[in-house]
Amino acid sequence: MRLLDMPPSGLIQLTRANLLQGIRLSEGRLVVAETIVVAPPLIDGVSNAELAAAFGADILLLNCYDCVDPAILGLPGEPGKGQTCQDLKELVGRPVGVNLEPSDRVPPGRRATPENARRAVEQGADFICLTGNPHTLVTNAGILENLRHIREAVGDRTVLVAGRMHAAGSGLSPGGGLITPEETEAFVDAGADVVLLPAPGTVPGTTVEEVRACVQAAHRKGALAMAAIGTSQEGADEATIRQIALSAKMAGVDLHHLGDAGYHGVAVPENILAYCLAVKGRRHTYRRMALSARR
């Protein structure tokens, strides 16, 4: 069954295989919204992740989630108690994943280690994204090395996403851009189910053709591709959002990601809605917005 049609009760019980198949069958119409779990909620009384879900996001990605001391500001409960991926999933009825970073510039609980990966899975993470925040100096080589160890640690218990949304302070790859088709294939060979790429028009020089080449490389290997807005353009005007969305569709990606820097901590909610409308139309967007987590 395609994830686009799944009710919330089904979305929180997906196996790795079913999640990947549900994404594949949705034909590029799924939106992933990233939020910073340690940022104060944009609206009092509700977490940023819940807000993103309310505006049509199909999947949620948590940034700065600490696997040793989990906390999601805006959720009920105390840090480490009632504030895990599983707790959020049960509130919103969406698949939830976490970022882990191959960098010693982040706290130990956020590093891309086998131990943190296992903790994330135990705490309900449906997927783990290996990438880098600004100034972490994360490189493709670092992602590749840690990806192999994490795949060995988690086996087939969770989906692994690997790639970069921006340079993270480390500069471009040797082949130009952030990720080349050859690096895309290497990520898949190392265990990535989904390769993360900058959306066309975000990182300077990133064109539809360049992203398309990487998407085709991932698809040839049997993997999926996700285009990301990680350059604070999630806080741009809606016309810009629609242009990026359609460019990513033309590049052939399976998932569309909006970052967490609309204001701070979450994309501008109206931009999440605008992106959803651009890639999946009113029918699927409004259904996702309206379905109760109890269905």
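- Under the 3.5 Å distance criterion, the side-chain polar atoms of His256 are left unmatched by any main-chain donor or acceptor of Met226.
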Decide yes or no on side-chain contact (heavy atoms from CB on, under 4.5 Å) for Leu137 and Ser103, but give the supporting numbers first. CA-CA 7 Å; Leu137 304 184; Ser103 172; 5.7 Å; no

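- With Thr285 contributing its side chain and Gly281 its backbone, the two residues share a donor-acceptor pair below 3.5 Å.
- Asn99 and Glu34 are linked by a side-chain donor-acceptor pair at a separation below 3.5 angstrom, with hydrogens and angles left out of the test.
- Here the shortest heavy-atom pairing between Ala227 and Ala248 reads CB-CB, 3.9 Å.
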Give the C-alpha distance, both sets of side-chain angles, the deciding distance and a yes or no for side-chain contact (heavy atoms from CB on, under 4.5 Å) between Asn133 and Arg110. CA-CA 11 Å; Asn133 276 299; Arg110 289 171 44 195; 3.6 Å; yes

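- In this structure, a donor-acceptor pair under 3.5 Å is present between the side chains of Glu50 and Ser47.
- With 3.5 Å as the limit, one finds a donor-acceptor pair spanning the side chains of Asn140 and Glu183.
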Walk me through it: do Leu88 and Thr84 pass the test side-chain contact (heavy atoms from CB on, under 4.5 Å)? CA-CA 6 Å; Leu88 175 61; Thr84 66; over 6 Å; no

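- Formation of a donor-acceptor pair under 3.5 Å by the Lys221 side chain with backbone atoms of Asp189 is not found in this model.
- Arg16 and Asp193 are joined by a salt bridge, as a carboxylate oxygen and a charged side-chain nitrogen come within less than 4.0 angstrom of each other.
- Here Asp58 pairs with Arg288 in a salt bridge; the nearest charged N to carboxylate O distance falls below 4.0 Å.
- For the residue pair Ala120 and Cys67, the shortest heavy atom distance occurs at CB-SG, 4.0 Å.
- Val98 and Leu14 are not part of a single hydrophobic cluster, where members link through side-chain heavy atoms under 4.5 Å apart.
- At a threshold of 4.5 Å between non-hydrogen side-chain atoms, the residues Cys214 and Val195 do not count as touching.
- Remark: side-chain polar atoms of Ser247 are not paired, donor with acceptor, to backbone N or O of Val208 under 3.5 angstrom.
- Asn271 contributes a side-chain N or O that, together with a main-chain N or O of Glu234, makes up a donor-acceptor pair within less than 3.5 Å.
- Here the closest heavy-atom approach between residue Thr158 and residue Arg151 is recorded as O-NH1, 3.4 Å.
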Between His264 and Ile36, does a side-chain contact (heavy atoms from CB on, under 4.5 Å) hold up when you go through it step by step? CA-CA 8 Å; His264 177 64; Ile36 299 176; 3.8 Å; yes

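- Side-chain atoms of Asn146 do not come within 3.5 Å of backbone N or O of Ile143 as any donor-acceptor pair.
- The heavy-atom pair separating Ala293 from Gly93 by the smallest distance is CB-N, 4.2 Å.
- At a threshold of 4.5 Å between non-hydrogen side-chain atoms, the residues Arg287 and Asp5 count as touching.
- Considering all non-hydrogen atoms of both residues, Gly77 and Gln83 come closest at O-NE2, 3.1 Å.
- Checking each of Leu100, Val138, Thr136 against Val106 for a side chain to side chain contact (heavy atoms under 4.5 Å, CB included) leaves exactly one that passes, namely Thr136.
- Looking only at distances, a side-chain donor or acceptor of Ser26 sits under 3.5 Å from a matching main-chain atom of Leu3.
- Glu238 CD: more than 12 foreign heavy atoms inside a 6.0 Å radius.
- A donor-acceptor distance shorter than 3.5 angstrom exists from the side chain of Thr15 to the backbone of Asn18, with no hydrogens or angles considered.
- Here Met289 contributes atom CE and Ile272 contributes atom CD1; the two are 10.0 Å apart, rounded to the nearest 0.5 Å.
- Although no hydrogens or angles enter the test, the distance criterion places no donor-acceptor pair under 3.5 Å between the side chain of Arg118 and the main chain of Asn116.
- With no hydrogens or angles considered, a side-chain donor-acceptor pair links Gln123 and Tyr65 at under 3.5 Å.
- No hydrogens or angles considered: nothing links the side chains of Thr240 and Gln243 as a donor-acceptor pair under 3.5 Å.
- Remark: the backbone N or O of Val96 is paired with a side-chain donor or acceptor of Asp126 at under 3.5 angstrom.
- Of all the heavy atoms in Ile23 and Leu30, the pair that sits closest is CA-CD1, 3.7 Å.
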